[in-house]
Structure formats: C-alpha cells, structure tokens
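Starting from 1, each residue takes its place in the sequence as its number.
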Amino acid sequence: MRYLVSDVAAAAAFYTTWLGFTVEFDAAPGFAVVTRGELRLMLNAVGGPGGAQPMPYGQVPEPGRWNRIQLEVADLEAEVTRLGAGGLRFRNDIVVGRGGSQVLLEDPSGNPRRAVPARLSRSHHRRR
C-alpha cells in the first residue's frame, strides 16, 4: 500500500513511534517503507517521482483522502487515550456500527487510520 505524505520523516516517525511499524527502507526525504506484520506501507513525498507526479490531465495527487488502513488493537479506548495524550489528531470520537467500534486517527499528512478492537474485528470478518 502506498500513501502520499507531506513529510516522509514525520510520517515514518508517526508509524514507528505510535503504531508499531518498523522502518524497512529509508530514502528520505522523498520515500520510505514501513512495515507492521505483513503490511508494507510505502510513504511517498508529494511531488516526488513515480505515483506522486501530476496526472496528464493536471490533477496533482495529495495526501489526506479517505483511503485508509485498519489496525486492530486490544483495547480501543486505551489506545485512544494513549494516542490523544501524545497530541495525535482524530477525525471523530469512537463510534459503534455494524462492524463494531472504531475511530479514525490522522497521520501527520491527514491520511486517516481506522482503529478497531481486535476481538470485534475478527468476529465481524468471520461473519462475512
């Protein structure tokens, strides 16, 4: 998975410090790869080479859209408290829906991360 970010170093620090990722490859300031389990997240600077270049019709790719990854956590409320105490931004409070509880956490470039309790997420996926 690839995300466009405003600051590769800040994004890599966010994922490694707060969400348990490890830096696999660091070519900052333009690119880095962080991993968590089998998830490989490529962080590409805005305006960089490859997929961050403007489209032929002029649209410029930018961070902060609604694409997101889902991270399962043991205790959602505790994670919200921990991350909030660290000054991280959420798009919403914890909400409860058909798939269980969730919250959207923003990375430094405004890309949302959806956090859900591990127990609810696994049971929800088994029902599909």
Side-chain angles (χ1 to χ4, degrees):
M1 179 171 283
R2 181 182 62 92
Y3 274 108
L4 293 175
V5 296
S6 302
D7 182 327
V8 170
F14 170 83
Y15 287 99
T16 57
T17 301
W18 296 104
L19 302 179
F21 283 74
T22 306
V23 174
E24 178 181 309
F25 179 77
D26 185 356
F31 185 76
V33 178
V34 294
T35 58
R36 178 178 162 167
E38 294 184 27
L39 175 60
R40 187 170 186 249
L41 184 59
M42 294 169 277
L43 306 170
N44 201 141
V46 173
Q53 296 179 47
M55 301 289 109
Y57 49 86
Q59 183 179 12
V60 178
E62 61 183 332
R65 298 292 182 209
W66 283 94
N67 294 327
R68 57 186 174 243
I69 57 174
Q70 178 173 301
L71 302 174
E72 296 179 357
V73 298
D75 183 334
L76 183 58
E77 291 80 11
E79 281 298 295
V80 167
T81 299
R82 180 182 75 85
L83 297 169
L88 279 65
R89 296 183 319 252
F90 293 91
R91 284 196 177 174
N92 61 329
D93 293 325
I94 294 173
V95 296
V96 179
R98 292 181 187 166
S101 300
Q102 65 174 327
V103 67
L104 294 178
L105 169 71
E106 289 188 346
D107 75 5
S109 296
N111 292 308
R113 306 288 147 256
R114 183 167 81 161
V116 299
R119 61 183 159 60
L120 291 176
S121 179
R122 281 196 284 280
S123 64
H124 175 67
H125 290 300
R126 275 195 293 262
R127 284 185 268 141
R128 288 185 173 179

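Leu19 and Val73 fall within a single hydrophobic cluster, where Ile, Leu, Val, Met, Phe, Trp and Tyr are joined by side-chain heavy atoms under 4.5 Å apart, directly or via other members. Neither Leu39 nor Phe31 shares a network with the other; the hydrophobic side chains, linked directly or stepwise wherever heavy atoms of I, L, V, M, F, W or Y lie under 4.5 Å apart, form separate groups for each. Val23 and Phe25 are members of different hydrophobic clusters when ILVMFWY side chains are connected at heavy-atom separations under 4.5 Å.
Between the CD atom of Glu77 and the CD1 atom of Ile94 there is a distance of 4.5 Å, given to the nearest 0.5 Å. Atom CD of Glu72 is separated from atom CD of Glu79 by 12.5 Å, given to the nearest 0.5 angstrom. Distance check: Leu41 CG to Phe21 CZ gives 5.5 Å after rounding to the nearest 0.5 Å. Taken to the nearest 0.5 Å, the CG atom of Leu105 stands 8.5 Å off from the CG atom of Leu71. Rounding to the nearest 0.5 Å gives a distance of 8.5 Å between OG of Ser109 and CG of Leu4. Taking CD from Gln102 and CG from Asn92, the interatomic distance works out to 7.0 Å, rounded to the nearest 0.5 Å.
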Q: Begin with the C-alpha distance, continue with both residues' side-chain angles, and end with the deciding distance and a verdict on side-chain contact (heavy atoms from CB on, under 4.5 Å) for Thr16 and Trp18.
A: CA-CA 6 Å; Thr16 57; Trp18 296 104; over 6 Å; no

Q | side-chain contact (heavy atoms from CB on, under 4.5 Å) assessment of Glu24 paired with Arg40 | A | CA-CA 9 Å; Glu24 178 181 309; Arg40 187 170 186 249; 3.1 Å; yes

Q: Check step by step if side-chain contact (heavy atoms from CB on, under 4.5 Å) holds for Phe14 and Leu88.
A: CA-CA 9 Å; Phe14 170 83; Leu88 279 65; 3.2 Å; yes

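Looking only at side-chain heavy atoms (C-beta outward), Phe90 and Leu83 come within less than 4.5 Å of each other.
The minimum heavy-atom distance between Ala28 and Val8, with the atom names listed, is CB-CG1, 4.3 Å. The two residues Ser101 and Leu76 make their nearest non-hydrogen contact at CB-CD2, 3.7 Å.
Checking side-chain atoms of Arg36 against main-chain N and O of Thr22 turns up no donor-acceptor pair under 3.5 Å. Not one N or O on the side chain of Arg91 forms a donor-acceptor pair closer than 3.5 Å with the backbone of Val103.
Under the 3.5 Å distance criterion, with hydrogens and angles disregarded, no donor-acceptor pair is assigned to the side chains of Asn44 and Tyr3.
The number of heavy-atom neighbours closer than 6.0 Å to CG of Asp93, taken from other residues, nucleotides and ligands shown, is 12 or below.
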